[in-house]
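Working notes for the structure below.
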Amino acid sequence: MAFLKFNKSELVNRSYSLRREIICAGKSGSYANTSIVFCNTRRYHGLLAVTLDRFGGDKYLLLSSLDESLTVDGKQFNLGIHCYGDIYEPRGHKYVVDFEADPIPAVTYKVGAVVLRKSLIVNPSGDQTLIRYELLQAPSAVTVQLKPFLAFRNIHALTEANSEASFAAVEVEGGRKFRMYEPFPDLYLQFSDPKTEFEYNPHWNYGITYSDEYRRGFDCREDLFVPGTFQTQMKPGSSIVFSASTEPTNPTALKRLFTRLEKEAPQITGQHDQLVRWADTLISTHHERKRINAGLSWLLTGLLRETLLALPGIALYGKNSPSEFEEILDNLIADEQERLFRRTTQVEAPLYLASVLQSYLEYGADSARIWKKYGDTVKGVIESYLPGRRREVSMQPNGLLWAQMENVALSWMNAYVYGQPVTERPGYQVETNAFWYNSICFAVEMEKKHGRKNSPFTKEWEPLCSTIRNSFMETFWNPGRGCLADYVDGFGQNMDIRPNQLLAIWVRNSPVDEELFPSVLRVIDNELVTARGIRSLSPRDIKYKGVYEGSQVDRDLAYHQGCAFPFLLEQYIDVAFRIKGASFVKKAEWLCEGFYDDLSKHGVGAFAELYDGDPPQEPHGAIASAGSTAALLAADHFISKYKEAGK
């Protein structure tokens with residue numbers, strides 16, 4: 001029985017189907033992403049996007065779409081669908097009668113007595129998309145025509161007809177290869193059926209419109225190159241497999257390859273299986289280096305904060321793989337020397353390293369070995385915040401960190417409108433200073449246990465712990481409100497109710513008096529907790545925007561001013577369990593269960609980056625988020641632990 005369910009009667013409804021996206025990703029960073037009726041609604045949509053080192057490691061879309069047409073008894077039926085302005089043509093969605101998402105995406109078309117099923121898979125070990133067509137029913141042979149739409153562009157850009165594009169279609173075994181522009185790799189389009197023919201008819205298809213981009217106020221129209229049409233005959237009960245790849249393949253092996261990959265696709269029997277599937281998918285291995293993709297399809301791979309945030313959930317609670325945890329962390333440290341030790345616009349991000357290692361130790365890692373391996377990095381990060389080391393942030397005489405650069409948002413709340421930060425938060429930031437205190441306490445503790453005797457680091461930093469803790473409470477605690485200031489600048493405490501204070505009571509070495517934890521948590525409960533994550537701002541605030549919709553400006557104004565973020569559930573549920581114990585199990589389960597109800601919309605089967613702060617709290621942002629996936633895996637871990645403890 002399929003884990004994910006869809007309303008089959010609604011599949012022909014464009015507004016239903018175009019809001020639901022499928023995403024398949026390979027381990028090399030390649031992906032296929034489109035709506036469940038294969039109509040592209042975003043610039044990021046397409047059947048084969050690949051990572052290209054020759055262009056700085058960014059992703060490039062090679063094959064945008066593949067339109068199918070069936071000729072039955074002399075009549076042609078077009079199964080493709082494109083938007084041109086406000087017109088959809090052709091309108092192949094009207095033939096869709098079924099969609100399945102697991103183990104792989106498959107859509108079924110019915111044209112009279114003809115039933116055709118199309119299944120899609122991305123080869124995990126290469127830059128290759130495979131599509132299998134199965135003629136399930138037909139009164140006689142059917143002619144199938146397949147028309148490729150080529151893009152050869154950055155996934156963030158759009159293209160238009162131009163004279164530089166090459167129209168060459170070079171014959172290869174089982175198909176043709178194309179290279180529209182010289183710096184790009186070849187794109188091989190090949191078929192398992194050796195009788196497939198190609199009719200060369202090069203032309204530009206003008207004005208294809210991406211409705212999601214239009215709705216958001218972005219550039220939304222582009223021209224795509226169509227080199228011609230592939231054609232083959234199919235008999236009832238037969239199948240053919242199409243391959244789009246940057247490398248040539250053996251056409252006679254395509255059916256076997258598709259069958260093997262389909263069998264290897266993980267079987268989903270429950271919620272945890274789905275989380276683990278995405279934990280694995282979001283780890284990419286490019287040039288044999290493992291990194292975490294922050295979110296598909298447009299977020300970057302190997303980002304400092306996003307990787308540290310997701311690493312325990314993805315690698316430990318999801319994959320149960322300490323070796324992958326360390327490999328990803330080692331690669332991150334090697335790649336992010338600049339941000340870790342010299343400069344970054346997310347000043348709390350390097351300090352998150354200590355929390356990640358603490359999670360690893362709680363998971364069961366050997367503390368002596370871990371400190372020997374990572375201790376110098378942790379100490380180097382701490383020392384980089386000394387006066388004169390970083391331009392954007394520096395330790396003050398009171399021991400706290402002051403972060404400020406004119407018109408620059410120096411935290412994870414870093415949206416901009418017209419070049420101005422929406423939430424600049426200059427001064428003493430509550431979460432940054434909590435991570436700062438935790439990092440120093442952790443480093444001192446580990447150095448005393450496993451470092452050199454009479455360590456200079458311990459002598460220098462241990463006396464600062466009490467100074468920082470006292471300064472923190474004096475600076476951030478507001479007894480009248482019973483919670484912490486979000487940040488403190490030259491004008492005093494900023495008392496916006498945001499989730500940053502949650503992080504201050506979550507860190508293992510908290511600078512907040514423990515008896516005050518319930519008071520802080522009560523404020524978060526009352527103003528920030530939703531059924532889809534933790535709000536970024538209280539709805540009582542005049543700046544609050546509860547719906548993430550509209551133009552780019554509208555969405556950036558809402559991004560950290562009310563949107564609910566699932567990634568914060570990890571910290572919230574962890575803290576709530578520590579305060580309330582096993583009595584919190586049922587609420588923790590309730591906080592997670594709604595995400596599984598949403599798996600049949602937005603990114604099908606995946607966990608969205610953010611939600612509206614207001615009910616009914618629709619999903620938005622990256623359709624497959626590493627942070628959200630990791631938080632739900634961590635929540636699963638905490639719930640299981642406290643369920644066991646409560647027995």
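Counting from 1, the numbers follow the sequence of the chain as shown.
Checking side-chain atoms of Asn478 against main-chain N and O of Gly480 turns up a donor-acceptor pair under 3.5 Å. Under a 3.5 Å cut-off, the side chain of Lys27 and the backbone N or O of Ile283 do form a donor-acceptor pair. Remark: side-chain polar atoms of Ser536 are paired, donor with acceptor, to backbone N or O of Gly562 under 3.5 angstrom. The main-chain N or O of Glu324 is found under 3.5 Å from a side-chain atom of Ser321 such that the two form a donor-acceptor pair. Not a single donor-acceptor pair under 3.5 Å links the side chain of Asp513 to the backbone N or O of Leu516. Glu327 places no side-chain N or O within donor-acceptor distance of the main-chain N or O of Phe325, the cut-off being under 3.5 Å. The closest donor-acceptor contact from the side chain of Arg535 to the backbone of Gly613 lies under 3.5 Å. Remark: side-chain polar atoms of Ser439 are paired, donor with acceptor, to backbone N or O of Leu351 under 3.5 angstrom. With Glu527 contributing its side chain and Pro539 its backbone, the two residues share no donor-acceptor pair below 3.5 Å. A donor-acceptor pair is defined here as one N or O able to donate and one able to accept, closer than 3.5 Å; such a pair exists between the side chain of Ser411 and the backbone of Met413.
Using modelled atom types, one finds no donor on one side chain facing an acceptor on the other under 3.5 Å when comparing Ser538 with Asp541. Residues Gln274 and Tyr596 bring no donor and acceptor atom of their side chains to less than 3.5 Å of each other. Donor-acceptor pairing under 3.5 Å is recorded for the side chains of Asp598 and Tyr611. For the residue pair Asn293/Thr301, the side-chain donor-acceptor check at 3.5 Å is satisfied. In the model, Asp614 has a side-chain atom that pairs as donor or acceptor with a side-chain atom of Tyr544 under 3.5 Å.
With a 4.5 Å cut-off on side-chain heavy atoms, Val507 and Leu503 do not count as touching. In this structure, His560 and Asn414 have side chains that are in contact, with non-hydrogen atoms separated by less than 4.5 Å. Between Ser471 and Asn433, the closest side-chain pair of non-hydrogen atoms is not below 4.5 Å. Counting heavy atoms from C-beta on, the side chains of Lys586 and Phe584 never come closer than 4.5 Å.
Residues Ala310 and Ala626 share a closest heavy-atom pair of CB-O, 3.8 Å. Listed here is the closest heavy atom pair of Val512 and Phe517: O-CE1, 3.5 Å. The minimum heavy-atom distance between Arg389 and Ser384, with the atom names listed, is CB-O, 3.0 Å. Counting all heavy atoms, side chain and backbone alike, Pro499 lies closest to Ile534 at CB-CG2, 3.9 Å. The two residues Asn509 and Asn438 have their closest heavy-atom pair at N-OD1, 2.9 Å. Nearest heavy atoms, Gly605 versus Trp278: O-NE1, 2.8 Å.
Pairs passing the salt bridge (Lys or Arg N to Asp or Glu O under 4.0 Å) check and including a residue from residues 296-307, sequence neighbours excluded, read Arg305-Glu348.
Distance check: Leu309 CG to Phe567 CZ gives 5.5 Å after rounding to the nearest 0.5 Å. Note that CD of Glu570 and CG of Leu502 are 10.5 Å apart. Values are rounded to the nearest 0.5 Å. Rounding to the nearest 0.5 Å places OG of Ser628 at 7.0 Å from CD of Glu609. One finds the CD1 atom of Ile292 at 4.5 Å from the CD1 atom of Ile328 (value rounded to the nearest 0.5 Å). In this structure, the separation between OG1 on Thr458 and NZ on Lys449 is 12.5 Å, given to the nearest 0.5 Å. The distance from the CZ atom of Arg390 to the CZ atom of Arg342 is 9.0 Å, given to the nearest 0.5 Å.
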Applying side-chain hydrogen bond (donor to acceptor under 3.5 Å, both in side chains) to Asn494 and Asp489, what does each step give before you reach the verdict?
CA-CA 8 Å; Asn494 178 284; Asp489 59 12; over 6 Å; no

Step by step, would you call Lys543 with Asp496 a side-chain contact (heavy atoms from CB on, under 4.5 Å)?
CA-CA 10 Å; Lys543 301 184 294 297; Asp496 289 350; 3.2 Å; yes

Let me see the working for Ser394 and Trp402 under side-chain contact (heavy atoms from CB on, under 4.5 Å), right down to the final yes or no.
CA-CA 6 Å; Ser394 179; Trp402 181 280; over 6 Å; no

Test Thr345 against Glu392 for side-chain hydrogen bond (donor to acceptor under 3.5 Å, both in side chains), laying out the working first.
CA-CA 7 Å; Thr345 54; Glu392 71 277 9; over 6 Å; no

Derivation of the ring-ring contact (aromatic ring centres under 6.0 Å, His included) call for Phe595 and Phe607
CA-CA 7 Å; Phe595 295 98; Phe607 301 90; 7.5 Å; no

I would like to know whether Lys373 and Thr377 meet side-chain contact (heavy atoms from CB on, under 4.5 Å); could you show each step before the answer?
CA-CA 8 Å; Lys373 183 174 183 179; Thr377 301; over 6 Å; no

With side-chain hydrogen bond (donor to acceptor under 3.5 Å, both in side chains) as the criterion, how do Tyr487 and Gln493 come out once you've worked through the C-alpha distance, each side chain's angles and the decisive distance to 0.1 Å?
CA-CA 6 Å; Tyr487 67 93; Gln493 291 183 333; over 6 Å; no

Checking Tyr385 against Phe341 for the ring-ring contact (aromatic ring centres under 6.0 Å, His included) test, could you report, in this order, the C-alpha distance in whole Å, the side-chain angles of both residues, the deciding distance, and whether it holds?
CA-CA 8 Å; Tyr385 288 81; Phe341 303 117; over 10 Å; no

Run the side-chain hydrogen bond (donor to acceptor under 3.5 Å, both in side chains) check on Asp330 and Tyr374 step by step: do they pass?
CA-CA 9 Å; Asp330 293 347; Tyr374 297 110; 2.7 Å; yes

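Residues satisfying the side-chain contact (heavy atoms from CB on, under 4.5 Å) test with Lys459, not counting sequence neighbours, are Asn454.
Taking a 6.0 Å sphere around CD of Glu515, one finds it holds more than 12 heavy atoms contributed by other residues, nucleotides or ligands. For Arg369, the CZ atom counts as densely surrounded, since its 6.0 Å shell holds more than 12 non-hydrogen atoms of other residues, nucleotides or ligands. More than 12 heavy atoms of other residues, nucleotides or ligands sit less than 6.0 Å from atom CZ of Arg216. More than 12 heavy atoms of other residues, nucleotides or ligands shown are found within 6.0 angstrom of NZ on Lys587.
Applying the side chain to side chain donor-acceptor pair (under 3.5 Å) test between Asp486 and each of Gln429, Arg425, Gln501 identifies Arg425 as the sole match.
Between Tyr437 and Phe472, the distance from one ring center to the other does not fall under 6.0 angstrom. Taking the six-membered ring wherever Trp is involved, the centroid distance between the rings of Trp371 and Phe442 falls below 6.0 Å. Taking the six-membered ring wherever Trp is involved, the centroid distance between the rings of Trp461 and Trp436 falls below 6.0 Å. Between Phe638 and Phe577, the ring centre distance reaches or exceeds 6.0 Å.
Between Trp412 and Phe565, the ring-plane angle classifies as perpendicular under the 30° and 60° cut-offs.
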